[in-house]
Amino acid sequence: MSYKDTINLPNTEFPMRANLSERELDFQKIWEENNIYEKAVKNREGKESFILHDGPPYANGDIHIGHALNKILKDFVTRFATLKGYYSPYVPGWDTHGLPIEHQVKSEMSDQERKDLSVEELREKCTNYALKYIDRQREQFKRLGVWGEWDAPYLTLSPEYEVKQIEVFGEMAKKDLFYRGKKPVHWCPHCETALAEAEVEYGEDRAPSIYVKFPLKEKFEVGGVSLNKDNSYVVIWTTTPWTLPANMAIAFHPEYPYVVVEAEGENLIMAKELVSNVMEISGIEEYEIISDEFSAKELENKKCRHPFEDRDSLLILGEHVTLEQGTGCVHTAPGHGHDDFVVGHQEYGLDVYAPMDNRGYFTEKAGDFAGKSTDEVNIMVTDKLKEKNLLMDLSFIDHQYPHCWRCKGNLLFRATDQWFASIDAIKEKTLKAISEVEWHPSWGEERMKNMISERSDWCISRQKKWGVPIPIFYCDDCEEAVINDDTLDSVKKIFAVEGSSAWYKYPAEKLLPKDYSCPHCDGSSFTKEEDIMDVWFDSGSSHKAVLETRENLSWPAQIYLEGTDQYRGWFNSSLLTAVATEGRAPYNEVITNGFTVDDKGNKMSKSQGNVVSPHKVIDQYGADILRLWVASSDFKNDVKVSDNILKQNSEVYRRIRNTYRFVLGNVSDFDKEKNYVKYEDRKELDRWIMIRLQDLIKKVTSAYEKYEYHRVYHDVHNFCTVEMSSLYMDITKDRLYTDGTDSLSRRSAQSTLYDIMMALVVMLAPLLPHTSEEVWQFLGDKVAAKESVFLSDWPELKKAYYDQELTAKWADLLNIRKDVSKALELARADKKIGNSLEAGVELKGASEAQLELLENELEQLADLFIVSQVELNDQLSEGEAYLGEESSVLVKVNEAKGDKCDRCWKYDESVGKGEEHKDICNRCASVIESE
RNA sequence: GGGUCUAUAGCUCAGUUGGUCAGAGCGCACGCCUGAUAAGCGUGAGGUCGGUAGUUCAAAUCUACCUAGACCCA
């Protein structure tokens with residue numbers, strides 16, 4: 001007869017193959033329909049808050065693997081916090097304003113449509129565009145298994161958000177942190193608009209190339225020669241002669257050597273390395289370097305005369321000067337160049353002068369050049385220079401020049417009025433705030449401090465339409481800028497109802513309080529500011545706009561968690577607005593994740609073909625595998641991802657899943673109410689693994705608290721593989737299958753498996769929510785009280801379980817087990833045995849203590865080694881036995897005595913001797929009898 | 001060019017304040033099992049700790065330089 005029916009084999013419907021890509025959707029549906037997220041959060045109402053504030057992704061395009069990494073990490077944080085007992089609601093958000101969307105919307109229109117478009121229409125289209133992508137991304141984020149208030153996210157374009165944002169702006173304005181200044185921007189004279197760097201295209205263009213002599217203002221000595229102002233010059237080179245009227249300075253590199261060259265009776269200052277170049281280009285054959293090399297530091301703050309304006313030109317130092325072209329002496333017009341602005345204006349305080357109108361024509365201030373175009377001025381300038389004999393050379397060259405993305409025309413670099421936030425005013429406070437934040441990893445503090453220390457003032461203005469208007473008015477009479485509580489309250493009221501598009505819909509009078517008059521001059525007519533705010537001001541206000549306005553949130557946030565690029569971005573702008581308004585950082589902790597790179601550590605790019613798409617991963621493997629990949633990586637560094645890496649994670653997943661499956665199969669007849677064996681009454685091996693489980697709980701909990709998910713991953717995986725699968729489950733199978741159904745030994749094992757399962761499923765729930773929920777549902781009646789794993793509690797660490805004596809004893813026994821395994825393998829290689837149950841083992845301890853141990857535990861050794869018999873033999877010698885490397889025990893492997901029991905498959909001398917059950921051993925016979 | 005980082009077996013990670021032959025799991029190879037079976041068990045082979053030069057009795061661990069890579073800025 002077959003005895004298979006008399007044993008308790010695993011029994012479960014829990015599928016070995018997960019089929020995650022399809023089944024995950026079922027669980028997501030269950031969560032959504034039953035409001036599990038809401039219930040889980042509500043479950044912790046009144047408990048300590050743990051608020052992770054979401055950095056808003058930009059509402060454009062589909063999510064990529066970097067988004068997935070970041071959002072999944074956030075999900076780990078909030079799910080763990082909730083299970084651990086914190087009140088941790090998660091409100092996701094989106095960043096919706098800004099150039100890329102405006103750009104995209106415009107480029108989808110014909111030229112005519114674009115021309116006919118009103119600002120309000122444009123903004124409506126932008127709104128729709130953003131909303132469309134929010135919907136798309138929302139579904140994609142939800143598909144990752146990220147939970148949160150997806151039905152009520154925060155959007156930077158929502159009226160309530162905009163109101164808070166201009167409130168933040170107003171608070172800063174009241175503290176006098178804003179000022180109006182000029183700054184050069186890319187300007188298209190045809191489209192009459194400023195362009196962002198993304199809208200600039202560089203292309204070949206023909207330009208005049210001129211070398212110009214600037215006369216010294218006074219005589220000075222340098223490099224051992226004395227220079228006379230009548231015949232001594234600094235030589236500059238430029239390809240934009242029209243910017244010369246705005247010249248304010250000449251920049252020299254502080255480190256390169258300069259010299260004086262004598263040529264044609266004149267003394268010329270230039271970089272030593274470029275002398276021969278310049279002479280060759282200018283066609284001068286006879287020249288001589290008449291000075292020693294000298295540092296430009298000797299020239300700093302001396303002056304030249306402007307070649308044709310009634311003005312001086314200051315000699316200054318700048319690291320941006322190169323020796324690739326020109327003379328090493330750089331014409332500097334702070335109104336017409338970026339470096340010129342930074343060095344000339346911000347470092348040397350020179351005027352930002354750009355006498356030019358929106359169409360690119362020179363203004364009245366430009367004197368002779370008034371009304372002229374840049375092309376005309378190019379010619380006039382060179383003529384003037386020739387006239388004064390200050391033009392060393394004129395030629396034409398082809399070079400890379402910026403063009404407008406739309407009309408393809410040449411761009412100008414031109415200073416326009418901008419609003420700035422003064423960083424200097426709050427720098428000290430900000431640096432202090434940084435040191436009060438906990439940075440993970442810790443180098444973040446230094447990175448942030450360096451960044452803030454070096455940061456110059458924040459240009460808030462953007463000459464665009466898709467954004468939050470800068471809520472400032474200008475009095476038409478006195479031209480003063482007006483912003484105060486009265487004007488702000490009025491604007492806020494209107495924005496709260498109609499959103500910030502109202503700024504474009506209504507004239508200033510409607511936006512201001514009724515009959516408002518200028519606080520400076522009593523004037524009653526006003527003009528609105530046309531610029532919008534930098535989008536970093538949008539998201540940088542989120543801590544106020546979200547944390548302060550939502551009832552379930554609170555300021556400041558416990559955590560910001562973003563990619564490392566956000567030191568410059570969101571961490572930075574949020575910090576500045578928070579310090580400006582509240583005097584401290586908006587976060588207690590900042591965590592950063594690295595970027596996703598390919599398996600060689602290179603960044604992903606379409607052209608490299610190494611891009612891993614989260615959608616594909618989900619289709620092929622499932623979101624839980626993607627999440628496992630996130631968990632497996634030390635995200636503080638850059639995170640590698642490739643097919644191979646994902647495949648590896650799916651193998652790890654399989655091991656975890658099969659551990660669950662084994663347990664589920666073996667507790668199918670287990671009723672916790674009736675069959676649970678309490679810890680003290682369990683078998684030693686069961687107690688041993690329970691202690692191992694406590695170690696695991698301790699390690700895993702601590703790893704979660706430190707955001708070290710890769711430690712969770714490794715610890716849990718090792719536990720499943722080493723402790724559980726190859727040891728505990730392998731050994732316990734015999735008890736579970738063949739001992740009496742209701743025997744203490746079997747119930748003891750089941751109770752243990754149950755305890756382990758309950759701890760594991762909760763501990764992995766933040767990482768593998770779908771699988772954990774699936775397991776939870778399969779536990780069925782046993783956990784009926786809780787409808788979802790996410791409504792349960794974090795496993796409790798049972799310190800009382802610890803038992804040093806037992807732990808030490810089992811460490812010894814398991815060492816011996818390793819040696820026995822090795823000995824069995826040798827026997828197997830000799831074809832003496834196949835299955836280890838075909839073996840009987842003889843042992844000899846290597847020490848008194850070990851001999852005693854073996855003697856005491858003899859009873860359970862066969863089960864522990866999964867062999868049929870174990871005997872002690874103090875006659876064993878090294879010649880006939882294997883000497884264990886781990887424990888020094890001597891092991892001799894023999895064929896097992898007796899015959900194979902048909903029921904438990906062990907060999908035993910009692911087999912074949914029974915009356916009723918001939919083919920099975922005594923133990924099995926008695927089990928059958930008693931069932 | 002500047003700021004901040006990273007570099008340990010094919011892969012993912014451990015390696016406290018420098019000190020026993022550098023560890024784990026996976027993968028791989030080989031074997032076993034066929035009552036966890038598109039599972040499970042065992043054994044084994046894989047590393048000049050990115051490179052070079054130093055400090056030291058002693059360095060994967062400290063210093064300098066170099067190489068490769070990442071983010072931000074210029």
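These numbers come from a predicted model, not from an experiment. Here is the naming used below: chain letters follow the sequence lines, and residue numbers restart at 1 for every chain.
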Between [X] ([atom1]) and [N] ([atom2]), how many Å, whole number?
X         : N      : atom1 : atom2 : result
Lys647(A) : G25(B) : NZ    : P     : 21 Å
Lys603(A) : U6(B)  : NZ    : P     : 19 Å
Tyr709(A) : A14(B) : OH    : C1'   : 19 Å
Met757(A) : A36(B) : CE    : C1'   : 13 Å
Asn718(A) : U12(B) : CG    : P     : 16 Å
Arg17(A)  : U37(B) : CZ    : C1'   : 13 Å
Ile920(A) : G35(B) : CD1   : C1'   : 15 Å
Glu825(A) : C32(B) : CD    : C1'   : 7 Å

Just checking [X]: base, sugar-phosphate only, or nothing, at a heavy-atom cut-off of under 4.0 Å?
X         : value
Phe595(A) : sugar-phosphate
Ile7(A)   : base
Thr738(A) : base
Asn658(A) : base
Met448(A) : nothing
Val342(A) : nothing
Gly594(A) : nothing
Lys636(A) : nothing
Gln648(A) : base
His710(A) : sugar-phosphate

Selected nucleotide, minimal atom distance to [X] side chain, candidates [options]:
X         : options                : value
Asn450(A) : U4(B), U37(B), C26(B)  : U4(B)
Arg654(A) : A36(B), G40(B), C73(B) : G40(B)
Arg568(A) : C11(B), C73(B), C33(B) : C73(B)
Trp443(A) : C26(B), U12(B), U4(B)  : U4(B)
Asp339(A) : C33(B), A74(B), U6(B)  : A74(B)
His717(A) : C11(B), G25(B), A70(B) : G25(B)
Thr721(A) : A70(B), C26(B), G42(B) : C26(B)
Glu651(A) : A39(B), U12(B), G27(B) : G27(B)

Relative to the 5' end of RNA chain B, which residue comes earlier, Lys600(A) or Arg828(A), by the nucleotide with the nearest heavy atom? Arg828(A)
5'-most contact on RNA chain B (nearest-nucleotide basis), Gly601(A) vs Asp730(A), goes to Asp730(A)
At less than 4.0 Å, is any side-chain N or O atom of [X] found next to OP1 or OP2 of [N]? Yes or no.
X         : N      : result
Arg455(A) : G3(B)  : no
Arg661(A) : A38(B) : no
Lys822(A) : G44(B) : yes
Arg655(A) : C41(B) : yes
Tyr737(A) : A36(B) : yes

Determine the Euclidean distance between corresponding [atom1] atoms of [M] and [N]; express it in Å to zero decimal places.
N      : M      : atom1 : value
G23(B) : A60(B) : P     : 13 Å
A7(B)  : G15(B) : P     : 12 Å
G2(B)  : A29(B) : P     : 48 Å
U20(B) : C33(B) : C1'   : 39 Å
U43(B) : G27(B) : C1'   : 16 Å
C65(B) : C72(B) : P     : 25 Å

If you take atom types as modelled and just measure distance, does the side chain of Ser725(A) reach the base of A36(B) with a donor-acceptor pair under 3.5 Å? yes
Report yes or no: is there a donor-acceptor pair, N or O only, under 3.5 Å between the side chain of Arg447(A) and the base of C71(B)? yes
Under the side-chain hydrogen bond (donor to acceptor under 3.5 Å, both in side chains) rule, what do Asp669(A) and Gln750(A) come out as? Steps first, then yes or no, please. CA-CA 9 Å; Asp669(A) 69 318; Gln750(A) 285 183 311; 2.6 Å; yes
For [N], give its Watson-Crick or G-U wobble partner with both distances under 3.5 Å, or none.
N      : answer
G47(B) : none
A14(B) : none
U52(B) : A64(B)
G35(B) : none
G42(B) : C30(B)
G19(B) : C57(B)
G69(B) : C5(B)

Please work out whether G46(B) sits syn or anti, treating a glycosidic angle within 90° of 0 as syn. syn
Decide whether a cation-pi geometry holds between Arg657(A) and Phe14(A); the criteria are a distance under 6.0 Å from NZ or CZ to the six-membered ring centre and an angle within 45° of the ring axis. yes
When you check the side-chain N and O atoms of Arg923(A) and Thr738(A), is any donor under 3.5 Å from an acceptor? yes
Would a line drawn from the ring center of [X] to the ring center of [Y] be shorter than 6.0 Å?
X         : Y         : result
Phe420(A) : Trp458(A) : no
His67(A)  : His64(A)  : yes
Phe413(A) : His338(A) : no

With Phe76(A), the ring-ring contact (aromatic ring centres under 6.0 Å, His included) member among Tyr704(A), Phe635(A), Tyr709(A): Tyr709(A)
About how many Å separate CG of Asp598(A) and NZ of Lys603(A), when rounded to the nearest 0.5 Å? 11.5 Å
Stepwise, does the side-chain hydrogen bond (donor to acceptor under 3.5 Å, both in side chains) test hold for Glu708(A) with His710(A)? CA-CA 5 Å; Glu708(A) 294 177 337; His710(A) 62 288; 5.8 Å; no
